[in-house]
Structure formats: structure tokens, C-alpha cells
Amino acid sequence: MLKKWLSYIVPINIKTEKSHWSKTLEVTWANGELVLDSAHTNYSYGSLQRILRIGLLKIGFERIAQMNHILVLGVAGGSVIKTLVREVGYSNKITGVEIDANVIAIAKAYFELDTIPNFDLILDDAFEFVLKTKEQYDLIIIDIFQDTKMPNFLFEAFFVNRILELLVPKGLILFNTMCLTEADNNRNKSYLELLDLTVVQVQTIPRVEAHNEVIIIEKLGNHATT
Ligand SMILES: C[S@@+](CC[C@H](N)C(=O)[O-])C[C@H]1O[C@@H](n2cnc3c(N)ncnc32)[C@H](O)[C@@H]1O
């Protein structure tokens, strides 16, 4: 409790460990809340939670509360899962996919992710998982970072087409991206250009918390599944 109050004055780190995927993982009290950071960016709670909350608000909490199954690719400390359960009031199924076993151990030990009854956490590469899953989802949240880097597969036509196949008609993708360089801006521009506007409707929320662009993609009723 003392650490929590002191953290309003200065951040207090309580755990640091090495990670193959994220260089380091740090659990820190900051401004009265426990946050998870990688070597160079915030992973969970703090600004990351605010960014995804803005995306969820844009979709509409009431609409989300009525969904049946939400897939979260990139779980870390699970701040978006807490937003879904505690703020949106969503009580149906959530599946989370996380590549880093160390992150999962931290999520359970410090962020009590294993106490959320409607949440299933799977240790897997999101790319592999989306190839295997036979489920259909109402909302797919893509929030995948390896420190500040976003893997290339996220921006390829193959991946977006596969994700669209997994969505129910009128289902949504909430994609959190980071734009730190001109190359990142161009990457996002090319990504938006590859989306077929006869099968999806797209909204972007640029410059969320300075460096993030949130992309919301809604599958129209007529996307052919192959
Ligand atoms: C920004 S954090 C996710 C934050 C989380 N959505 C939240 O609401 O707190 C990014 C996560 O993506 C994970 N990640 C990176 N590459 C991945 C991959 N290929 N498949 C699944 N997870 C991956 C990282 O280990 C990290 O935990």
C-alpha cells in the first residue's frame, strides 16, 4: 500500500526480468496503479489501457456487451480484458492468445488474470493460433508488440483476410498500431490501402496518446469465406 501511494511521487519498480520477446518485462507502481512495461514501451495498464478503451468506446460499450465471443491477440497484463469485464460489463467468452510464457506468469501473479471466469488464456503465437482456430468471433482485438516492434505478418493481406474469415458478419477488428517513424506511417498507409472497401468499413483514430493509431475494421455482410 505504501508503494502505491509513493508511486504518485516517483514510479516504484517491483519486478524486472529478461524476456526473449520483449527484451525486459517490468512491473512498476506508477501514479497509484500497477503497470507492465517492456524495455521501451508501456505494455499494460497506463497509456495502453487508455488507447484500447478509446477504441472500445468508438465501437460502443452497449454493442460490445451483447457480443458472444471476443478474441484478444497479445494479452500481456490483460488491461483490455479488465476494461471489457469491469467497465463494458461484458460477461460472455473472451479468449486471449499470448506468445510469452514469462508474460503469462506475470499476468497471473501480479494482475490476477486467472481469476476472471469468462477468460481463457492460451500460450501460442497469434499467427499460428488464427490458422488453427475453428471458432467465429464478434470482435478481434489485435495488440501485438515485441517491445516497440510490430511483426510484419500483422500488416500482410494474408493475415487480415484470415482474421476477416474468423469474424461473424458485422464483426469488428480493433487494431492498435504504433507509429514512431515515417516508415511506420507508410506501413499503416499501405495497410489501409490493401483493405477492400466493398467488404469492410474502416475508421482510424490517429495519434492516440501521441504515437498510436487505432484502426477499426468492420466486416460488412458480404465477405466471402474461402
Ligand atoms: C501491448 S502488449 C498487449 C497488451 C494487452 N492487450 C493489454 O490490454 O494489456 C503486447 C503483447 O503482445 C505479445 N506478443 C508479441 N508477439 C506476439 C505473437 N506473435 N503472438 C501473440 N502475442 C504476441 C507480447 O508478448 C506482449 O505481451
Side-chain angles (χ1 to χ4, degrees), residues 15 17-28 30 33-57 59 64 70-88 90 94-114 116 119-133 137 139-156 158-160 162-163 166 173-180 184 208-215:
K15 183 175 180 69
E17 68 179 41
K18 289 210 181 311
S19 155
H20 169 73
W21 299 101
S22 305
K23 297 186 180 113
T24 59
L25 296 168
E26 296 175 16
V27 181
T28 304
E33 71 171 344
L34 212 49
V35 301
L36 175 60
D37 297 319
S38 64
H40 301 102
T41 192
N42 170 235
Y43 258 10
S44 283
Y45 306 90
S47 63
L48 186 284
Q49 187 169 25
R50 292 195 291 275
I51 290 163
L52 292 180
R53 187 186 286 117
I54 289 168
L56 295 174
L57 276 167
I59 294 169
I64 296 168
I70 297 178
L71 176 64
V72 179
L73 300 178
V75 173
S79 49
V80 73
I81 288 133
K82 300 271 179 71
T83 306
L84 286 168
V85 172
R86 295 183 182 166
E87 297 177 46
V88 176
Y90 176 81
I94 308 173
T95 299
V97 181
E98 169 58 54
I99 202 169
D100 190 337
N102 292 15
V103 163
I104 290 184
I106 286 177
K108 290 179 178 169
Y110 293 88
F111 300 100
E112 296 162 345
L113 269 200
D114 47 355
I116 299 174
F119 177 56
D120 275 342
L121 181 49
I122 295 169
L123 173 64
D124 203 351
D125 182 333
F127 184 80
E128 301 289 331
F129 178 85
V130 303
L131 294 183
K132 288 182 286 199
T133 180
Y137 304 91
L139 170 63
I140 299 180
I141 298 172
I142 306 173
D143 192 24
I144 289 185
F145 294 84
Q146 294 170 0
D147 195 23
T148 54
K149 289 212 166 43
M150 301 190 69
N152 291 339
F153 75 79
L154 296 172
F155 296 91
E156 286 167 6
F158 177 82
F159 187 73
V160 70
R162 178 64 188 148
I163 293 282
L166 299 180
I173 301 169
L174 176 59
F175 185 16
N176 180 26
T177 70
M178 197 180 279
C179 294
L180 296 173
D184 295 341
V208 189
E209 301 269 338
H211 293 302
N212 292 66
E213 179 171 62
V214 171
I215 302 171

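Every number for a ligand or one of its atoms is a count from 1 in the order of the listing.
A side-chain donor-acceptor contact under 3.5 Å links Y43 to the backbone of F145.
Between the CG atom of L84 and the CG atom of L56 there is a distance of 5.5 Å, given to the nearest 0.5 Å. Note that the CD1 atom of I144 and the CD atom of E98 stand 8.5 Å from one another [nearest 0.5 Å].
Side-chain contact check for L71 versus I163: every heavy-atom pair is 4.5 Å or farther apart.
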Does ligand 1 have any N/O pairs with the protein under 3.5 Å, and how far apart?
from: ligand 1; atom 1: 6 (N); to: G74; atom 2: O; distance (Å): 2.9
from: ligand 1; atom 1: 6 (N); to: D143; atom 2: OD2; distance (Å): 2.6
from: ligand 1; atom 1: 8 (O); to: S79; atom 2: N; distance (Å): 3.4
from: ligand 1; atom 1: 8 (O); to: S79; atom 2: OG; distance (Å): 3.2
from: ligand 1; atom 1: 8 (O); to: V80; atom 2: N; distance (Å): 2.8
from: ligand 1; atom 1: 9 (O); to: S44; atom 2: OG; distance (Å): 2.5
from: ligand 1; atom 1: 9 (O); to: G78; atom 2: N; distance (Å): 3.4
from: ligand 1; atom 1: 9 (O); to: S79; atom 2: N; distance (Å): 2.8
from: ligand 1; atom 1: 9 (O); to: S79; atom 2: OG; distance (Å): 2.7
from: ligand 1; atom 1: 16 (N); to: Q146; atom 2: NE2; distance (Å): 3.0
from: ligand 1; atom 1: 19 (N); to: D125; atom 2: OD1; distance (Å): 3.1
from: ligand 1; atom 1: 20 (N); to: A126; atom 2: N; distance (Å): 2.9
from: ligand 1; atom 1: 22 (N); to: I99; atom 2: N; distance (Å): 3.3
from: ligand 1; atom 1: 25 (O); to: E98; atom 2: OE2; distance (Å): 2.6
from: ligand 1; atom 1: 27 (O); to: E98; atom 2: OE1; distance (Å): 2.7
from: ligand 1; atom 1: 27 (O); to: E98; atom 2: OE2; distance (Å): 3.3

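Applying the side-chain hydrogen bond (donor to acceptor under 3.5 Å, both in side chains) rule to T41 yields no partners; only residues at least two apart in sequence or on another chain are considered.
The aromatic rings of F111 and Y45 sit parallel, their planes meeting at an angle under 30°, below the 60° perpendicular limit.
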